[in-house]
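If you're wondering where the values come from, they're calculated on a predicted model, not measured in any experiment.
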Amino acid sequence: MTSYRISDAARLLGVSDDTVRRWIDQGALPTTDAAPAEIPGEALAAKAVELAHTPNDPTDRLSSARNRFTGLVARVQLDGVMAQVDIQCGPHRVVSLMSAEAVRELDLAPGSLAVAIVKATTVIVETPKG
């Protein structure tokens, strides 16, 4: 199971380390038995999805920009040879359709760290080595 240090969790959620510590103290985020404290990836992904329900940006407009989104895998659906992978990147949900084989090779699961590269209508998913 993937877990994240408080500083990494804060960066991925777009909040301060102190905010993550308060959420832990309030019981809003669980921790593992590791020292220093770590947050299970699946719980962090669920929190990212919860935080994503924010008002739309009023400057929303169409763009042809090519972007890289770093985030947490929130959901993986396997169906035979194909799969759908949802990645929560701050307030953005990025969905990639890929082969089930690629999901297994990348070891994608809820809570995994991933980078979605968006170009036109193609979403490519990368994971850190190791």
Side-chain angles (χ1 to χ4, degrees):
M1 171 176 41
T2 306
S3 60
Y4 297 91
R5 290 179 169 224
I6 289 174
S7 59
D8 294 330
R11 182 178 45 79
L12 289 165
L13 294 175
V15 298
S16 70
D17 293 9
D18 288 339
T19 297
V20 172
R21 286 187 188 92
R22 277 194 297 277
W23 286 338
I24 291 168
D25 291 342
Q26 295 167 354
L29 275 175
T31 58
T32 65
D33 294 331
E38 293 184 351
I39 299 155
E42 195 164 348
L44 192 60
K47 187 68 169 177
V49 171
E50 176 188 327
L51 293 174
H53 298 288
T54 58
N56 289 336
D57 183 348
T59 64
D60 223 3
R61 60 180 149 244
L62 297 174
S63 173
S64 64
R66 295 175 175 105
N67 299 293
R68 293 174 61 92
F69 297 94
T70 301
L72 296 164
V73 174
R75 184 173 69 156
V76 176
Q77 289 183 298
L78 293 167
D79 182 24
V81 297
M82 294 303 296
Q84 175 180 324
V85 179
D86 296 16
I87 304 170
Q88 195 65 47
C89 307
H92 307 286
R93 175 178 166 248
V94 179
V95 178
S96 178
L97 300 176
M98 66 179 73
S99 70
E101 179 182 14
V103 168
R104 288 188 292 275
E105 286 178 4
L106 293 171
D107 196 25
L108 295 174
S112 300
L113 180 64
V115 177
I117 301 161
V118 179
K119 179 179 178 186
T121 58
T122 302
V123 177
I124 300 166
V125 176
E126 298 176 337
T127 58
K129 284 187 174 181

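- Heavy atoms only, all atoms of each residue included: A45 and G111 are closest at CB-N, 3.9 Å.
- Scored by the side-chain contact (heavy atoms from CB on, under 4.5 Å) test, A109 finds S112 as partners (sequence neighbours excluded).
- The distance from the CG atom of L13 to the CG atom of L51 is 6.0 Å, given to the nearest 0.5 Å.
- Within a 6.0 Å radius of CD in E126, other residues, nucleotides and ligands contribute more than 12 heavy atoms.
- Atom NE2 of H92 and atom CD1 of I87 lie 13.5 Å apart (nearest 0.5 Å).
- Side-chain contact, D86 with Q84: a donor N or O sits under 3.5 Å from an acceptor N or O.
- Shown here are the side-chain contact (heavy atoms from CB on, under 4.5 Å) partners of I24, two or more places apart in sequence or in another chain: I6, V20, L29, T31, I39.
- Partners of S16 under the side-chain contact (heavy atoms from CB on, under 4.5 Å) rule, at least two apart in sequence or in another chain, are D18, T19.
- Note that CG of L72 and CD of E42 are 11.0 Å apart. Values are rounded to the nearest 0.5 Å.
- A pairwise comparison of heavy atoms in L78 and A100 identifies CD2-CB, 3.7 Å as the closest pair.
- Using a 4.5 Å cut-off on side-chain heavy atoms (C-beta onward), E105 and M98 make no contact.
- M82 is not listed as a side-chain neighbour of D79, based on a closest heavy-atom distance of 4.5 Å or more.
- Contact check on E50 versus K47 returns a salt bridge, with a Lys/Arg side-chain nitrogen under 4.0 Å from an Asp/Glu carboxylate oxygen.
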As a quick check of understanding, evaluate side-chain contact (heavy atoms from CB on, under 4.5 Å) for V94 and V125, giving each step before the final call. CA-CA 10 Å; V94 179; V125 176; over 6 Å; no

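- The local environment of CG in D25 is crowded, with over 12 non-hydrogen atoms from other residues, nucleotides or ligands closer than 6.0 Å.
- Note that the OG1 atom of T2 and the CG atom of L44 stand 10.5 Å from one another [nearest 0.5 Å].
- Among residues two or more places apart in sequence or in another chain, the side-chain hydrogen bond (donor to acceptor under 3.5 Å, both in side chains) test is passed with E38 by S3.
- Pairing each heavy atom of L113 with each of G71, the nearest pair is CD1-O, 3.4 Å.
- Using a distance-only test at 3.5 Å, with no hydrogens or angles considered, no donor-acceptor pair links the side chain of Y4 to the main chain of A10.
- Listed by chain and residue number, nothing satisfies the side-chain contact (heavy atoms from CB on, under 4.5 Å) test with A46 (two or more places apart in sequence, or in another chain).
- Residue L108 holds its CG atom at 6.5 Å from OG1 of T127, rounded to the nearest 0.5 Å.
- Taking Ile, Leu, Val, Met, Phe, Trp and Tyr as members and joining any whose side-chain heavy atoms lie under 4.5 Å apart, directly or through other members, V95 forms no hydrophobic cluster with any other residue.
- In terms of heavy-atom proximity, P30 sits nearest to P40 at O-CD, 3.3 Å.
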